[in-house]
Engineer: 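Sharing a structure here in structure tokens format.
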Amino acid sequence: MSQEEVDDKIKQASEAQKSWSATEVYKRADILHEWADRLVEKQDQIGEVISKEVGKNLASAIKEVVRTADLIRYTAEEGCRIHGEMLKGDSSRGGSSSKLAMVEQEPLGVVLAISPFNYPVNLAASKIAPALISGNAVVFKPASQGALSGQLMIEALLETDLPTDIIQFVSGKGSEIGDFLVTHPSIDMITFTGSTETGQAISQKAKMVPVVLELGGKDPAIVLEDADLDLAAEHIVSGAYSYSGQRCTAIKRVLVADTIANDLTEKIKQKVEALSVGSPEDNATVTPLINNDAADFVQHLIDDALNKGAELITGNRREGNLVYPTLLDQVNSNMDVAWEEPFGPVLPIIRINEEEDFVSLANQSEYGLQASIFTKDVQKAREIATKLDVGSVQLNAKTERGPDHFPFIGAKNSGLGSQGIRRSIESMTRDKLFILNL
Ligand SMILES: NC(=O)C1=CN([C@@H]2O[C@H](COP(=O)(O)OP(=O)(O)OC[C@H]3O[C@@H](n4cnc5c(N)ncnc54)[C@H](OP(=O)(O)O)[C@@H]3O)[C@@H](O)[C@H]2O)C=CC1
Ligand SMILES: O=C(O)[C@H](O)COP(=O)(O)O
């Protein structure tokens with residue numbers, strides 16, 4: 001789309017929003033439920049397009065559509081439970097009980113939703129549904145690779161009774177229309193998921209509008225001496241390699257006590273070598289990466305680590321965009337793979353000798369999305385968790401965003417604000433007071 005077309009779309013959204021915010025919440029909820037029904041009906045069709053468009057295995061792509069329908073239904077229900085509050089004035093010194101404030105949640109206006117390629121339906125709906133239930137209009141810009149899936153999802157929404165101008169689908173490269181969108185005077189809020197680089201640029205350009213950002217990560221799996229190593233290996237492999245590591249919440253480094261590192265590495269190796277590698281149509285776990293640059297970057301991380309003395313446990317094979325699952329041991333802080341987010345199927349193992357290094361190394365990262373701790377000692381896990389500079393800590397399980405109603409937060413360069421159904425609704429509304437002076 002040209003900037004003129006985008007401008008028209010934003011104006012239409014802004015105009016339509018006024019009557020939408022006056023529409024009863026139960027009617028907005030009915031529309032969202034209908035949207036969820038349509039998505040479930042079309043799960044095979046949309047799943048196939050996701051799979052072909054972003055190379056996600058077909059079963060996971062279909063699962064993404066069904067998960068999204070659940071998210072939308074939960075959002076519709078949650079929106080019906082937002083009631084505001086009543087405050088009495090006599091709780092502050094000098095105040096009076098004849099002053100009563102009704103606090104209501106008002107929509108912000110037009111929400112700009114920008115989503116990444118890797119969950120083109122789920123991460124779009126997790127922005128669109130909360131915006132709609134709270135009375136906002138939405139301008140939705142999908143990732144260019146992911147735009148067809150996004151369009152199908154919006155077509156399903158437009159089959160409901162939603163007034164058509166409330167949702168505006170805007171296509172075009174972020175590098176061409178991104179700045180125009182994020183600085184447009186009729187955009188009242190920006191909700192973005194994508195890379196840290198793009199997110200930081202958006203937050204610098206956006207003028208006086210709330211911005212919620214979910215960005216990159218370098219989630220560590222911290223494995224303590226007493227951990228159940230079979231459980232840890234199972235979660236680490238599924239966390240690191242599913243969808244070829246193209247998840248913000250993928251496990252992107254293992255910090256393991258040196259005394260158990262050999263055993264853990266062997267268990268991880270066996271599971272990695274059992275992963276299916278191949279095409280999305282055949283439901284392989286590891287499939288070709290989104291583009292050639294992404295595969296080049298992962299290859300650079302592997303080469304850099306090997307040149308600097310890392311030990312290749314398995315992998316380091318490539319066919320075009322397809323990078324075979326790669327496991328590296330003896331990784332140290334001088335290697336790029338210790339710090340960079342690969343967004344691909346390479347996992348570094350970093351051996352830890354001093355207990356305090358678990359936390360210090362985890363926190364040295366610029367990112368702070370999630371962390372996993374594997375141990376039988378809940379008290380110790382809790383002590384470590386309180387020191388980790390991340391949004392969420394998982395005990396004895398892989399890092400992950402779901403379930404979708406949990407708050408999802410990125411600390412440091414991993415984000416700004418909080419998502420998760422209720423938090424997303426709150427981020428798209430503001431308090432408005434009507435004060436009775438009786
Ligand atoms: N924390 C989280 O919740 C998640 C974080 N991510 C992170 O996202 C990254 C991968 O996703 P990817 O799609 O490559 O991320 P990008 O940052 O490249 O793109 C994300 C979105 O931003 C758009 N965009 C690009 N440039 C601009 C701009 N100047 N202004 C406005 N919008 C712009 C893109 O459009 P276009 O495609 O047209 O360039 C796309 O829609 C990883 O770093 C990953 O960690 C991913 C999922 C979840
Ligand atoms: O983009 C991502 O990585 C998603 O937010 C991950 O979601 P999940 O951890 O629930 O799969």
Side-chain angles (χ1 to χ4, degrees), residues 1 6 53-54 56 60 63-64 67-68 71 112-127 139-147 149-150 170-184 187 190-206 211-219 238-240 242-252 289-291 293-294 297 340-344 366-370 372 390-392 394 397-420 424:
M1 284 180 181
V6 172
E53 195 175 20
V54 303
K56 182 174 289 192
S60 302
K63 231 160 98 186
E64 179 179 337
R67 168 183 179 177
T68 302
L71 178 157
L112 171 61
I114 305 181
S115 54
F117 77 84
N118 61 339
Y119 286 71
V121 166
N122 185 270
L123 284 172
S126 68
K127 299 167 174 33
V139 173
F140 166 46
K141 195 221 120 23
S144 293
Q145 281 173 290
S149 314
V170 165
S171 65
K173 283 200 167 138
S175 52
E176 287 166 18
I177 58 168
D179 286 359
F180 185 76
L181 278 165
V182 301
T183 57
H184 195 287
I187 293 296
I190 301 170
T191 168
F192 171 86
T193 301
S195 65
T196 294
E197 194 187 352
T198 312
Q200 282 174 336
I202 288 176
S203 74
Q204 280 156 11
K205 285 171 197 155
V211 177
V212 171
L213 303 172
E214 292 295 353
L215 311 175
K218 187 73 181 168
D219 295 358
S238 141
S242 48
Y243 188 34
S244 318
Q246 295 174 119
R247 295 168 53 245
C248 59
T249 47
I251 288 184
K252 291 174 182 147
L289 296 181
I290 190 71
N291 57 38
D293 285 351
F297 181 61
E340 301 273 349
E341 177 185 45
F343 233 59
E366 64 169 301
Y367 298 109
L369 197 54
Q370 294 201 352
S372 288
V390 296
S392 315
Q394 306 261 0
K398 65 186 175 188
T399 45
E400 62 184 348
R401 175 170 51 103
D404 287 325
H405 64 286
F406 280 12
F408 185 53
I409 309 106
K412 300 195 285 188
N413 281 349
S414 287
L416 196 66
S418 176
Q419 291 200 72
S424 297

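Residue numbers start at 1 and run along the sequence shown. As the structure lists them, so they are numbered: ligands from 1, and atoms in each ligand from 1.
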Engineer: What pairs with Lys218 under side chain to side chain donor-acceptor pair (under 3.5 Å), at least two apart in sequence or on another chain?
Structural biologist: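 Partners of Lys218 by the side chain to side chain donor-acceptor pair (under 3.5 Å) criterion come out as none, since no residue qualifies.
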
Engineer: Which residues pass the salt bridge (Lys or Arg N to Asp or Glu O under 4.0 Å) test with Lys127, sequence neighbours left out?
Structural biologist: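 With neighbours one apart ignored, the set is empty.
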
Engineer: Taking both backbone and side-chain atoms of Thr193, is any N or O found less than 3.5 Å from an N or O belonging to ligand 1?
Structural biologist: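 Min N/O separation from ligand 1 is not below 3.5 Å for Thr193.
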
Engineer: Using every non-hydrogen atom in the two residues, find where Cys248 and Phe343 come nearest and quote the distance to one decimal.
Structural biologist: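 In terms of heavy atoms, the two residues are closest at N-CE1, 3.7 Å.
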
Engineer: Please report whether atom 3 (O) of ligand 1 has a protein non-hydrogen atom at a separation of less than 4.0 Å.
Structural biologist: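 Under 4.0 Å from atom 3 (O) of ligand 1, at least one protein heavy atom found.
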
Engineer: With a cut-off of 4.0 Å, which atoms of ligand 1 are near a heavy atom of Ala143?
Structural biologist: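 Selected atoms, number and element: 37 (O), 40 (C), 41 (O).
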
Engineer: Mind checking whether Gly194 has an N or O less than 3.5 Å away from an N or O of ligand 1?
Structural biologist: yes

Engineer: Using a 4.0 angstrom limit on heavy atoms, which residues are close to ligand 2?
Structural biologist: Arg67, Asn118, Tyr119, Leu123, Arg247, Cys248, Thr249, Glu400, Arg401, Gly402

Engineer: N/O to N/O below 3.5 Å, does that happen between Glu341 and ligand 1?
Structural biologist: yes

Engineer: As a quick check of understanding, evaluate side-chain hydrogen bond (donor to acceptor under 3.5 Å, both in side chains) for Lys398 and Ser238, giving each step before the final call.
Structural biologist: CA-CA 8 Å; Lys398 65 186 175 188; Ser238 141; 2.9 Å; yes

Engineer: Give me the residue, atom name and distance of the protein heavy atom closest to atom 11 (O) of ligand 1.
Structural biologist: Pro116 CB, 3.5 Å

Engineer: Please indicate whether any nitrogen or oxygen in Cys248 is less than 3.5 Å from any nitrogen or oxygen in ligand 1.
Structural biologist: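 N/O-N/O distance under 3.5 Å: no.
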
Engineer: Heavy-atom pairs closer than 4.0 Å: do any link ligand 1 to the side chain of Thr196, the backbone, both, or neither?
Structural biologist: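 No part of Thr196 is near ligand 1 at this cut-off.
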
Engineer: Closer than 4.0 Å to some heavy atom of Asn118 - which atoms of ligand 1 meet that?
Structural biologist: 46 (C), 47 (C)

Engineer: If we only count heavy atoms from C-beta on, is the Thr191 to Gln419 side-chain gap below 4.5 Å?
Structural biologist: yes

Engineer: Return yes or no for this condition: an N or O of Ser144 is under 3.5 Å from an N or O of ligand 1.
Structural biologist: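 Right, the criterion is met.
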
Engineer: Is the side chain of Glu341 donor-acceptor paired with the backbone N or O of Gly217 at a distance under 3.5 Å, no angle test?
Structural biologist: yes

Engineer: Does any N or O atom in Val182 lie less than 3.5 angstrom from one in ligand 1, N or O only?
Structural biologist: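 Not met; the criterion fails.
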
Engineer: Report yes or no: does Ser424 contribute a side-chain atom to a donor-acceptor pair with the main-chain N or O of Gly420 at less than 3.5 Å?
Structural biologist: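 Checked: pair present.
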
Engineer: Geometry only, no angles: is Ser115 polar-contacting ligand 1 at N/O separations under 3.5 Å?
Structural biologist: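 Looking only at distances, the answer is yes, because the N/O contact criterion of under 3.5 Å is met.
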
Engineer: Within a radius of less than 6.0 Å around CD of Glu366, do more than 12 heavy atoms belonging to other residues, nucleotides or ligands occur?
Structural biologist: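 Yes - once you tally the heavy atoms of other residues, nucleotides and ligands closer than 6.0 Å, there are more than 12.
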
Engineer: What I'd like to find out is whether the side chain of Tyr119 reaches to under 4.5 Å of the side chain of Thr68, using heavy atoms alone.
Structural biologist: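 Tyr119 vs Thr68: side chains apart.
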
Engineer: Are side-chain heavy atoms of Phe408 and Thr249 found at a separation under 4.5 Å?
Structural biologist: yes

Engineer: At a 4.0 Å threshold, what atoms of ligand 1 neighbour a non-hydrogen atom of Pro142?
Structural biologist: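 Numbered from 1, ligand 1 contributes 41 (O).
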
Engineer: Counting non-hydrogen protein atoms only, what is the nearest one to atom 30 (N) of ligand 1? Give residue, atom name and distance.
Structural biologist: Gly178 CA, 3.3 Å

Engineer: For atom 18 (O) of ligand 1, tell me which residue out of Ile177, Thr198, Thr249 has the closest non-hydrogen atom.
Structural biologist: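 It is Thr198 whose heavy atom sits nearest to atom 18 (O) of ligand 1.
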
Engineer: State whether the side chain of Thr196 and the backbone N or O of Asn413 hold a donor-acceptor pair below 3.5 Å, judged by distance alone.
Structural biologist: yes

Engineer: Applying side chain to side chain contact (heavy atoms under 4.5 Å, CB included), run through Ser372 and Thr399 and close with a yes or a no.
Structural biologist: CA-CA 6 Å; Ser372 288; Thr399 45; 3.4 Å; yes

Engineer: With sequence neighbours excluded, what pairs up with Arg401 under the salt bridge (Lys or Arg N to Asp or Glu O under 4.0 Å) test?
Structural biologist: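 For Arg401 the salt bridge (Lys or Arg N to Asp or Glu O under 4.0 Å) partners, ignoring immediate neighbours, are Asp404.
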
Engineer: Identify, for atom 13 (O) of ligand 1, the protein heavy atom at the shortest distance, and state residue, atom and that distance.
Structural biologist: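 Nearest neighbour among protein heavy atoms for atom 13 (O) of ligand 1, to 0.1 Å: Phe117 N, 3.2 Å.
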
Engineer: For ligand 1, is there an N or O atom under 3.5 Å from any N or O atom of Lys141?
Structural biologist: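 Between Lys141 and ligand 1 (N or O atoms, distance only) the closest approach is under 3.5 Å.
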
Engineer: Would you say Gln394 and Glu400 are linked by a side-chain donor-acceptor pair, where the criterion is simply a distance under 3.5 Å?
Structural biologist: no

Engineer: Tell me whether Gly174 has any N or O atom under 3.5 angstrom from an N or O of ligand 1.
Structural biologist: yes

Engineer: I need the nearest protein heavy-atom contact for atom 32 (N) of ligand 1: residue, atom name and distance, please.
Structural biologist: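 The closest heavy atom on the protein side is Ile114 CD1, 3.8 Å.
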
Engineer: Would you say that more than 12 heavy atoms from the other residues, nucleotides or ligands in this model lie under 6.0 Å from the NZ of Lys63, or not?
Structural biologist: no

Engineer: When you measure from the heavy atoms of Tyr119 to every atom of ligand 1, does any distance fall below 4.0 Å?
Structural biologist: no

Engineer: Decide whether an N or O pair under 3.5 Å exists between Lys173 and ligand 1.
Structural biologist: no

Engineer: Going by the atom numbers of ligand 1, which of them fall below 4.0 Å from some non-hydrogen atom of Gly172?
Structural biologist: 38 (O)

Engineer: For Gln145, does its backbone N or O pair with a side-chain atom of Glu53 as donor and acceptor, under 3.5 Å?
Structural biologist: no

Engineer: Do NZ/NE/NH1/NH2 and the carboxylate oxygens of Lys56 and Glu64 come within less than 4.0 Å?
Structural biologist: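 Counted as a salt bridge, because a side-chain N and a carboxylate O are separated by less than 4.0 Å.
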
